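Remarks on the structure that follows.
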Amino acid sequence: MKPRLTWANVLIFILGAALIVGGFRKGIVQECALGSLLAAGAVGMAYRQRWSFWPALAGLVAGIGVIAYQIYAQGFSWLPAAGIAGLGLLAWDVVREMRAAKRERDKPLISLVQFRRVPNNFLTDKKLADIAQRLWGDQMPKQEGEAWLAMGKSPSFIVNAPGMTFLVNNFSKRYFEEGDDPGAEMDELRLRRALETHTAWLSIDLLHMADDARSREDAYPLIAKFFAELLDDDCLAIYTPESGRILAYEPTMIEKLRGPNPLEVFAELTFAPVIQITDDDPRMKAAVEEARRRWPEFVEAFNAKGGEHFSIKAPVTADDNTEFIWVQVERIDGETIHGRLANDPVALGEMKLGDPIEIPLENLNDWNYVTKEEFKGGFTVQVLREASGEPSKN
């Protein structure tokens with residue numbers, strides 16, 4: 001690790017070294033001990049060791065005490081007083097550094113997490129090394145030995161990347177500790193299901209950055225690229241501890257995670273939200289009535305190809321479960337709408353995204369489509385946003 005030198009720890013080290021040399025020449029053990037305390041603290045601070053602040057601070061306070069006693073015994077003079085002021089200034093800087101280090105430690109992890117149906121039992125150091133080699137092997141000087149890009153074994157691996165090091169975790173257990181699981185408090189059913197049913201988790205955490213001047217957040221593009229390579233159909237949701245955002249997984253996320261601003265994937269919904277709300281809610285009843293009343297607008301635009309992403313929402317039943325789900329419209333035959341499921345159901349048996357389906361017009365619950373100018377329809381969407389606590393979007 002590259003040492004981080006500041007004016008304070010350099011001065012503390014010089015003072016400690018001077019006391020060690022002076023104490024050794026004069027045969028004063030206490031002076032040598034005080035110098036050793038200061039020098040050890042300064043070196044530890046340069047290498048960002050937690051323990052280092054305490055010996056440095058103790059040595060400075062002891063030095064202030066010795067000089068203060070001399071002034072008490074011999075009378076006031078400006079030189080010892082200046083010494084106390086200087087040591088006090090150094091002590092203040094040590095305290096400031098200590099608080100800054102604590103704030104840094106208390107920051108949430110720079111990390112991306114996937115909640116999984118089952119563990120990734122095929123993860124090995126060789127597989128991780130192959131991914132790293134493909135992503136950035138040509139950007140890194142090869143080190144001695146075979147494990148220069150990835151090393152370790154489940155549940156934890158270390159991966160080297162340009163200018164930083166990652167920790168890859170692969171655990172066969174639930175992510176949140178008992179009592180901390182937010183799943184029960186979530187209105188969005190797909191996320192609740194992911195948190196309740198996942199049996200394993202996989203994460204990529206930032207361990208170290210070679211350049212201390214760089215922001216920790218600069219690591220996300222590299223972390224996300226690697227993370228995207230480990231996503232598969234067993235992933236239920238992805239999570240970032242720093243913001244606390246959780247999203248139900250969809251394959252469309254992969255390309256966004258590989259982009260220059262991967263955290264943007266957490267700033268938008270990539271799926272149709274599944275929120276519990278009663279059928280007799282007056283807001284929902286009014287929204288459904290408006291959608292049905294204005295259905296001819298949708299038909300006219302669909303037939304004229306006056307937009308894209310034409311979708312309707314309707315109740316679908318399977319295995320005694322009914323779920324309101326979005327359907328991408330392919331054809332309208334009078335009172336029947338033909339299309340394909342536009343999002344994965346939560347609990348509709350074997351039904352899945354893309355399955356063909358027919359919806360009677362009498363079951364219509366909502367519709368929407370997009371033109372170059374604006375989003376059309378989505379009358380129940382605003383009600384669901386309000387129910388989930390999201391801000392209104394006019």
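All figures in this text were calculated on a predicted structure; none of them were measured in a lab.
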Requested in this report: In plain terms, say whether E289 and R292 are close enough for a salt bridge, that is, a side-chain N and a carboxylate O under 4.0 Å apart.
Outcome: no
Requested in this report: Treating Ile, Leu, Val, Met, Phe, Trp and Tyr as nodes and any side-chain heavy-atom pair under 4.5 angstrom as an edge, say whether L34 and I28 lie in one connected cluster.
Outcome: no
Report task. Over all heavy atoms of both residues, which pair between V288 and L364 is shortest? Give the atoms and the distance, please. Result -> CG1-O, 4.1 Å
Query raised in the report: Does the side chain of M151 come within less than 4.5 Å of N160's, by heavy atoms?
Result: yes
Query raised in the report: Does the side chain of L230 reach to within under 4.5 Å of the side chain of N170, using non-hydrogen atoms?
Result: no
Query - T197 OG1 to L236 CG distance, which is reported to the nearest 0.5 Å - result: 5.0 Å
Query raised in the report: Residues in salt bridge (Lys or Arg N to Asp or Glu O under 4.0 Å) with K26, at least two apart?
Result: E31
Query raised in the report: For the atom pair CG (N9) and CG (L90), what is the distance rounded to the nearest 0.5 Å?
Result: 10.0 Å
Requested in this report: Please check if V21 and L37 belong to a single hydrophobic cluster, counting links between Ile, Leu, Val, Met, Phe, Trp and Tyr side chain heavy atoms closer than 4.5 Å.
Outcome: no
Query raised in the report: Would R294 and E290 pass as an ion pair if we require N to O under 4.0 Å?
Result: yes
Query raised in the report: Can a salt bridge be assigned to the pair K376 and E297 using a cut-off of 4.0 Å between side-chain N and carboxylate O?
Result: no
**Report entry** Test ring-ring contact (aromatic ring centres under 6.0 Å, His included) applied to F157 - qualifying residues, sequence neighbours left out
**Finding:** none
Expected list for residues 345-359: side-chain donor-acceptor pairs under 3.5 angstrom, two or more places apart:
residue: K352; atom: NZ; partner: D355; partner atom: OD1; Å: 3.3
residue: D355; atom: OD2; partner: K352; partner atom: N; Å: 2.9

Query raised in the report: What are the two closest non-hydrogen atoms of A237 and I246, and how far apart are they?
Result: CB-CG2, 4.1 Å
Query raised in the report: Residues in ring-ring contact (aromatic ring centres under 6.0 Å, His included) with F379, at least two apart?
Result: W367
Query raised in the report: When rounded to the nearest 0.5 angstrom, what is the spacing between CG in L206 and CZ in F166?
Result: 7.0 Å
Query raised in the report: Going by an N to O cut-off under 4.0 Å, is there a salt bridge joining E330 and R340?
Result: yes
Report task. Could you name each residue pair satisfying side-chain hydrogen bond (donor to acceptor under 3.5 Å, both in side chains) that touches residues 109-121, not counting sequence neighbours? Result -> S111-D205, Q114-R116, R116-D232
Query - Any T199 side-chain heavy atom under 4.5 Å of S172 side chain - result: no
Report summary line: d(E97 CD, F53 CZ) to nearest 0.5 Å is 6.0 Å
Query - Connected via hydrophobic side-chain network under 4.5 Å: L38 and I20 - result: no
Report task. Would you mind reporting whether L15 and I12 have side-chain heavy atoms less than 4.5 Å apart? Result -> no
Query - M45 backbone acceptor or donor facing S52 side chain under 3.5 Å - result: yes
Query - L341 side chain reached by V327 side chain, heavy atoms, under 4.5 Å - result: yes
Report task. Using salt bridge (Lys or Arg N to Asp or Glu O under 4.0 Å) as the criterion, list what pairs up with K126, not counting sequence neighbours. Result -> D130
Requested in this report: Could you grab the distance from atom CD of Q328 to atom CD1 of I312, nearest 0.5 Å is fine?
Outcome: 11.5 Å
**Report entry** Minimal non-hydrogen separation, A200 against V118, with atom names
**Finding:** CB-C, 3.9 Å
Please tabulate, one pair per line, all N/O donor-acceptor pairs under 3.5 Å involving side-chain atoms of residues 63-83, not counting sequence neighbours.
none

Query raised in the report: With distance as the sole test, does D366 use its side chain to make a donor-acceptor pair with the main-chain N or O of T380 at under 3.5 Å?
Result: yes
Query raised in the report: Partners of P296 by side chain to side chain contact (heavy atoms under 4.5 Å, CB included), sequence neighbours excluded?
Result: none
Query - Closest contact, heavy atoms only, L19 versus G35 - result: CB-CA, 3.7 Å
Query raised in the report: Of all residues at least two apart in sequence or in a different chain, which pass the ring-ring contact (aromatic ring centres under 6.0 Å, His included) check with F171?
Result: W201
Query - Residues in side chain to side chain contact (heavy atoms under 4.5 Å, CB included) contact with I332, at least two apart in sequence or another chain - result: W295, F298, V299, F302, V329
Query raised in the report: Does any pair with a residue in residues 226-245 pass ring-ring contact (aromatic ring centres under 6.0 Å, His included), and if so which ones, sequence neighbours excluded?
Result: F115-Y239, W136-F226, Y175-Y239, F176-Y239
Query raised in the report: Given the rule that I, L, V, M, F, W and Y join up when any side-chain heavy atoms are under 4.5 Å apart, are I223 and L247 in one cluster?
Result: yes
Query raised in the report: Donor-acceptor pair, R245 side chain versus I238 backbone, under 3.5 Å?
Result: no
**Report entry** Minimum side-chain heavy-atom gap N368-S311 below 4.5 Å
**Finding:** yes
Query - Whether over 12 other heavy atoms sit under 6.0 Å from R134 CZ - result: yes
Query raised in the report: With sequence neighbours excluded, what pairs up with Y220 under the side-chain hydrogen bond (donor to acceptor under 3.5 Å, both in side chains) test?
Result: E242
Query - Nearest heavy atoms of G306 and T371, plus distance in Å - result: O-CG2, 3.5 Å
Report task. Provide the closest heavy-atom pair for A91 versus L57 in the form atom of the first, atom of the second, distance. Result -> O-CD1, 3.8 Å
Query raised in the report: Heavy-atom count around N303 CG within 6.0 Å, excluding the residue itself: above 12?
Result: yes
Requested in this report: Would you indicate whether the side-chain heavy atoms of V159 and I204 approach each other to under 4.5 Å?
Outcome: no
